[in-house]
Amino acid sequence: MKKYVSELLLIPGPTPVPAEVALAAAQNMMSHRSGPFKKLMLDLAAKLQKLLQTQNDIVILSSSGTGGMEAAVSGCFSKGDKVLVAAVGNFGKRWIKLAKTFGLDVEVLEYACGQAVDPSAVKAVLAKDQDKRIKGVFFQMNETSTAVLNDVEELAKVIKAHGALIVVDAISGFLASELKVDEWGLDVVVTGSQKAYMLPPGLAVVAVSEKAKKAAETSDLPKFYLSLKAALKQAAEGQTPYTPAVGLIYQLVAAVNMLEKEGLESVFARHERLMKAVRSACRQLGLRLLNENDRTASRAVTAVYPPEGIAADDIRKKMKDDFGITLANGQDELKGKIFRIGHLGYIDPKDVLAAIACLEITLSKLGAPGIQWGRGVQAVQDILTQTK
Ligand SMILES: Cc1ncc(COP(=O)(O)O)c(C=O)c1O
């Protein structure tokens with residue numbers, strides 16, 4: 001017998017979609033070559049610039065986030081270019097694979113699960129690159145697989161001093177915490193619709209600096225559908241090279257209006273508050289976090305080890321079967337070893353309160369030792385009371 005009537009999706013993407021955003025897709029289609037659509041796209045780009053705190057050009061690609069990453073690699077670099085990837089997890093590895101796929105000469109700085117990129121290590125690699133062979137440095141703002149937030153500002157400082165393009169995968173990090181594209185001098189910033197934008201999957205929004213645009217002019221790597229140069233040219237006119245995902249664009253307009261109304265500061269604050277609540281609750285329940293460092297804690301997701309003797313997969317299964325709450329699995333070598341609680345996008349304090357209460361029941365039923373009713377819930381209540 002089913003024990004619940006509504007689902008709660010607590011994974012770091014796709015995230016729940018608000019009714020306003022879901023309904024926006026139900027509008028009549030319009031010609032993507034019409035004047036009103038061009039205006040809609042130009043207005044949307046201006047609003048996205050505000051959220052990204054940038055004057056840089058914005059392109060909207062009809063693809064998931066990885067399409068934006070691919071457009072950055074194939075669009076801004078040329079045959080034989082050397083690039084540096086600073087990888088702290090599964091999505092860092094994606095930068096490596098992508099760059100290698102396009103034949104770039106890839107140097108890698110890799111970190112153990114749960115660690116953040118050390119800006120001084122990046123600085124040391126770049127300092128050795130006297131003849132400036134390294135043309136770009138790639139990293140994640142937020143590494144979703146290990147629940148780590150990198151220090152984008154510090155990383156950008158050391159890369160700027162060298163001169164390589166700064167290419168940031170902010171797919172799961174954007175809107176969960178501060179990202180000052182212009183102030184920090186980021187060249188290519190990739191974001192994805194199914195994260196804190198609160199949209200279904202299918203759009204990648206990419207911010208491109210003047211310096212990156214120059215690189216795109218001369219880039220000779222193969223590309224067609226995801227050509228950054230073609231997308232930039234068209235975006236200037238409120239257009240896209242091919243038919244855009246018009247329904248998703250309508251939804252993006254609705255979501256961006258909601259975010260604008262809420263205000264960036266409060267969007268960041270609500271993510272920080274939920275992150276603190278989840279981390280504190282897990283600790284009170286005696287659960288070990290993959291990333292124990294609060295300074296580099298992901299605002300989007302928390303990665304948690306199960307108690308000794310209990311399988312992470314059993315926790316996820318019981319949360320789903322008994323309460324309709326979906327938690328994320330680990331990825332790569334962490335598959336089955338951890339569970340991840342998403343707190344990204346359209347998630348409320350009451351969702352987290354419920355999830356932690358259900359986690360207490362789940363752990364207790366699975367025989368976790370020392371579960372005292374309410375300890376996790378109280379930790380959430382404390383954080384919610386202490387923070388605005
Ligand atoms: C940090 C990060 N980068 C890249 C991706 C890949 O994005 P997509 O699955 O939308 O292609 C994800 C998706 O989870 C992500 O979290």
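Remember, it's 1-based here, ligands and their atoms both numbered in the order they're listed.
Of the listed residues (D169, L344, V301), the one carrying the non-hydrogen atom nearest atom 2 (C) of ligand 1 is D169. Here atom 5 (C) of ligand 1 lies nearest to F91 when heavy atoms of F174, W95, F91 are compared. For atom 9 (O) of ligand 1, the candidate residues are M69, Q194, E70; the nearest heavy-atom contact is made by Q194.
Side-chain atoms of L290 and Y305, non-hydrogen and from C-beta on, do get closer than 4.5 Å to each other. You'll find the side chain of E183 stays beyond 4.5 Å of the side chain of Q53, heavy atoms only. Proximity of F139 to V122: side-chain heavy atoms (C-beta onward) are nowhere separated by under 4.5 Å.
Taking every heavy atom of R94 and a limit of under 4.0 angstrom, the matching atoms of ligand 1 come to 6 (C). Shown in contact with N142 at under 4.0 Å from a heavy atom are these atoms of ligand 1, numbered in order with element: 1 (C). Residue-ligand proximity, S172 to ligand 1, at heavy-atom distances under 4.0 Å covers atoms 1 (C), 16 (O). Those atoms of ligand 1 that come under 4.0 Å of a heavy atom in T66, given as number and element, are 6 (C), 7 (O), 8 (P), 11 (O). With ligand atoms numbered from 1 in the order given, ligand 1 contributes 8 (P), 10 (O), 11 (O) to contacts under 4.0 Å with heavy atoms of S64.
With a 6.0 Å cutoff to the six-membered ring centre and a 45° limit on the axis angle, R316 does not count as a cation-pi contact of F339.
Of all protein heavy atoms, the one lying nearest to atom 13 (C) of ligand 1 is K195 NZ, 3.1 Å. Here the heavy atom of the protein found nearest to atom 15 (C) of ligand 1 is T144 OG1, 3.4 Å.
Within a 6.0 Å sphere centred on CZ of R33, heavy atoms belonging to other residues, nucleotides or ligands number more than 12. For D131, the CG atom counts as densely surrounded, since its 6.0 Å shell holds more than 12 non-hydrogen atoms of other residues, nucleotides or ligands.
Residue-to-ligand polar distances place G65 within reach of ligand 1: an N/O pair is separated by less than 3.5 Å. Polar contact check, Q140 against ligand 1: no nitrogen or oxygen pair lies under 3.5 Å apart.
Under the 4.0 angstrom criterion for non-hydrogen atoms, E143 is not in contact with ligand 1. Residue contact check for ligand 1: M141 places no non-hydrogen atom closer than 4.0 Å to it.
Neither side chain, T240 nor H32, offers a donor N or O lying under 3.5 Å from an acceptor on the other. For T362 and D322, the side-chain atoms include no donor-acceptor pair closer than 3.5 Å.
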Practice prompt. Given side chain to side chain donor-acceptor pair (under 3.5 Å), test T387 with R273 step by step and report yes or no.
Written response: CA-CA 7 Å; T387 54; R273 198 168 177 231; 3.0 Å; yes
